[in-house]
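Both ligands and their constituent atoms are indexed starting at 1 by order of listing.
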Amino acid sequence: MKSIFQLLGRLRARWRGGLPLRYTVMVAVLAAVTAPAALLLAIEQQLSEKSQQALLAQGESALMAIGSVSIAEPMWVVDRVALDAAAQRLLENPQVVAVRIEDGLTNAPPVERIRDGYARVLDAEVAAGRLNHQVRQVVRSGENLGRLVVWFDATYGQGLLQQRRSQMFTLVVLQVLVSLVVLTPMLVSRVLKPIERLKAQASALVEHSSEEQPVFIWRRHDELGLLGRHLGQVQDRLRELFGQLGAKNAQLEQLAMYDHLTGLPNRSLFIDLVQREMLQARRNQQKFGVFFIDLDRFKAVNDSMGHAAGDQLLIEVARRLRDTLREVDVVCRQSGDEFLVLVRDIAHWETLGDMADRILQAVEAPVVLAGGSARVSASMGIALFPDDAEDFENLVKNADIAMYQAKSLGRARYSFFHSELNSRRQAHLELEHQLGQAITAGELVLHYQPQVDANTGALVGVEALVRWQHPQRGLLYPGHFIGLAEESGQIAEMGVWTLHEACRQKAEWKARGLDVGCMSVNVSALEFRDHRLLDSLQSALTDNGLQPGELEIEITESVLMTETDTSQRIIERVRALGVGIAIDDFGTGYSSLSYLKRLRPNQLKIDRSFVSDTATDNDSRAIVRGVVGLANALSLNVVAEGVETVEQQAFLRETGCHALQGYYIARPMAVEALEAWMADRNNKETTA
Ligand SMILES: Nc1nc2c(ncn2[C@@H]2O[C@H](COP(=O)(O)OP(=O)(O)OP(=O)(O)O)[C@@H](O)[C@H]2O)c(=O)[nH]1
């Protein structure tokens, strides 16, 4: 019982939640066909029961009337045979169970006819209501002859009714079945199937993806067909929109993930791939490498052959990188002339070195461009996962640091990253940053080293040497920061400051009556080739009211001897200005005599390495003698640098060297110390 209720509950819930349409239609059709049929059946039963009873009653009365009339004559003539036959005829009526004809005039026994099986039970059946009997007087010519008693089967009508009922029921069932057989296929084909199709079409719309969609063709012209066609149009429009969206997405993905020039993955995609590789490498305890590749002096290709040729070169380099690497490796263009490579599945770290060599060789092969042929090299840094870093940013940063190391070692090579290199680079960057502020913070100072006449010992000039009074690290010598200043471009600003400060100091001494002789200022290679050099010299002199002859610039031999035509043009302009020119570190480079003649400097400074060896080394002595002889021949002054002993001084005097500079004379000194030194010498001279 409980489970029946549960089932009903479930059905109710199902009904409320919405039965599938086909069940609903089936139930509706069944109800629509069977309910009126059942109602008709019930009404018909009621009506036929009533009319049946009336008919039976009428039939019984009629039978009694006809029976009594038909036996009146035989009773009158007392024809028992005819009476018996009349009783038999009455008994032939199926309703009649027994007939008795009683003669009221004679005492003759009644004529009786009883259906088989009823003889003994007549009274009991009457008492039970299953039989009823009727009695009718038989009359002739107003005289009462006797009576007719007939027993009728009271259940006869019921039987008839029952028979009729089952016939009606069969008819109704047949009608329901016929209705179902006719209606169901019609409903299925005209309503249910189209609705199912519409449902499938709508579902296809809902689940719309870029994949192939089924096509629904509607040929019907009713409302469902119209709805289907409309849905089809929506589907077509959606398909079209999705197609456009897909193309746009692919375009956006291409733009977002790939470099437009080379078609290589860009940095975003590369990050994604490296991060996935990290997960896998961690799981499998594997290593992988990242290469940071930067083309060497790519700017020169752009500058000399044009940007379009530069682009062509980048495309070609990208192609070579792809061709050189294995399928599993990924190369991306990070920006400009920088490429990143993810090197997967490395058995040994040496594998990386081999691959790096192959890449460098591939890049270095000549490239034919629109404007001619070009040749570039690349510098490459290699960082290893997980040894050098465990996240993308640091891995690439470390590969970059290693690449920078490769550049500083002379380019066209690769370097592995080491954490120690990282900290060195860090310190370097920090110093570079501090150097940027040192000039404005007044942390740069000039020390001056005297140059004296080799014979008389008189002060003939001072060389200004820059120092950095670092707030934490104390006094730093140029070796610690000039290279840095050159790399970062700060050398230009530093050079201008040095020139102006040296001239300012010279002017101050002059104003105070202190004669330090000629002021020598070092000019680096970058400053020397900077077109602003002449303006700087001019303004340093003018601003401080100095004569050009009071200033001299020192340029190293190697700087002068590269791009000699340019050097010569610059030297000519400096000389035209009246500023002196000294060739520094003379003897270490490769001056040719003809250039020396053409450049016509004022002074040669013999490099300290020759001077320091004069005591022991005959060759050095010969070189010094040669340089002095050459200078005399070209009417140039000679200053010997790095004089540290009395013997060196004696030798240099003897060779005819004009001036001396070195620790034996005096170290580079701050302004006050130099002034004290000069005062001390004056005192000694006066005393002497
Ligand atoms: N043709 C072309 N040049 C580009 C593109 N993107 C950046 N560049 C140039 O590439 C050059 C990159 O120069 P750097 O790497 O800084 O210097 P470099 O000349 O290669 O010198 P080193 O790297 O120090 O050896 C710059 O001059 C940029 O203007 C590009 O898409 N096409």
Which of the ligand 1 atoms, numbered from 1, are nearer than 4.0 Å to a heavy atom of [X]:
| X | result |
| --- | --- |
| Gly336 | 6 (N), 7 (C) |
| Arg333 | 5 (C), 6 (N), 30 (C), 31 (O) |
| Gly310 | 1 (N) |

Nearest heavy atom to [atom]: which of [options] does it belong to?
| atom | options | value |
| --- | --- | --- |
| atom 23 (O) of ligand 1 | Gln312, Arg411, Arg297, Lys407 | Lys407 |
| atom 28 (C) of ligand 1 | Asn302, Val376, Asp294 | Asn302 |
| atom 19 (O) of ligand 1 | Met305, His260, Lys299 | Lys299 |

Checking side-chain contact (heavy atoms from CB on, under 4.5 Å) against Phe586, which of Asp607, Leu630, Thr556 comes through?
->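 Single pass found, and it is Leu630.
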Does an N or O anywhere in Leu295 fall below 3.5 Å from an N or O of ligand 1?
->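 So ligand 1 has an N or O lying under 3.5 Å from an N or O of Leu295.
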If we only count N/O pairs under 3.5 Å, is Leu314 in contact with ligand 1?
->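 N/O-N/O distance under 3.5 Å: no.
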Give the residue and atom name of whichever protein heavy atom lies nearest to [atom], and the separation in Å to one decimal.
| atom | answer |
| --- | --- |
| atom 13 (O) of ligand 1 | Asp337 OD2, 4.0 Å |
| atom 32 (N) of ligand 1 | Asp311 OD1, 2.6 Å |
| atom 11 (C) of ligand 1 | Phe298 CD2, 3.8 Å |

Arg504/Glu501 under salt bridge (Lys or Arg N to Asp or Glu O under 4.0 Å): CA gap, chis, key distance, verdict | CA-CA 5 Å; Arg504 189 202 62 74; Glu501 175 58 18; 2.9 Å; yes
Anything under 30° is parallel, anything over 60° is perpendicular, the rest tilted; go ahead and classify Phe288 against Phe385.
->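 Plane angle under 30°, so parallel.
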Mark whether atom 16 (O) of ligand 1 lies under 4.0 angstrom from at least one protein heavy atom.
->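 It does not; no protein heavy atom is within 4.0 Å.
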[Y]/[X] salt bridge by N-O under 4.0 Å criterion:
| X | Y | result |
| --- | --- | --- |
| Asp535 | Arg532 | no |
| Arg375 | Glu316 | no |
| Arg276 | Asp272 | yes |

On the ring face of Tyr663, is Arg667 found with NZ or CZ under 6.0 Å from the centre and within 45° of the axis?
->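 Judged by the rule (NZ or CZ under 6.0 Å from the ring centre, within 45° of its axis), Arg667 counts as positioned above Tyr663.
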Determine whether the side chains of Ser377 and Asp296 contain a donor N or O and an acceptor N or O closer than 3.5 Å.
->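 Short answer, yes.
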Looking only at side chains, do Gln451 and Gln661 share a donor and an acceptor under 3.5 Å apart?
->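 The criterion, which ignores hydrogens and geometry beyond distance, is satisfied for Gln661 and Gln451.
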Just heavy atoms, cut-off under 4.0 Å: does Glu338 contact ligand 1 by side chain, backbone, both, or neither?
->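 For Glu338, there is no contact with ligand 1 at all, from either part.
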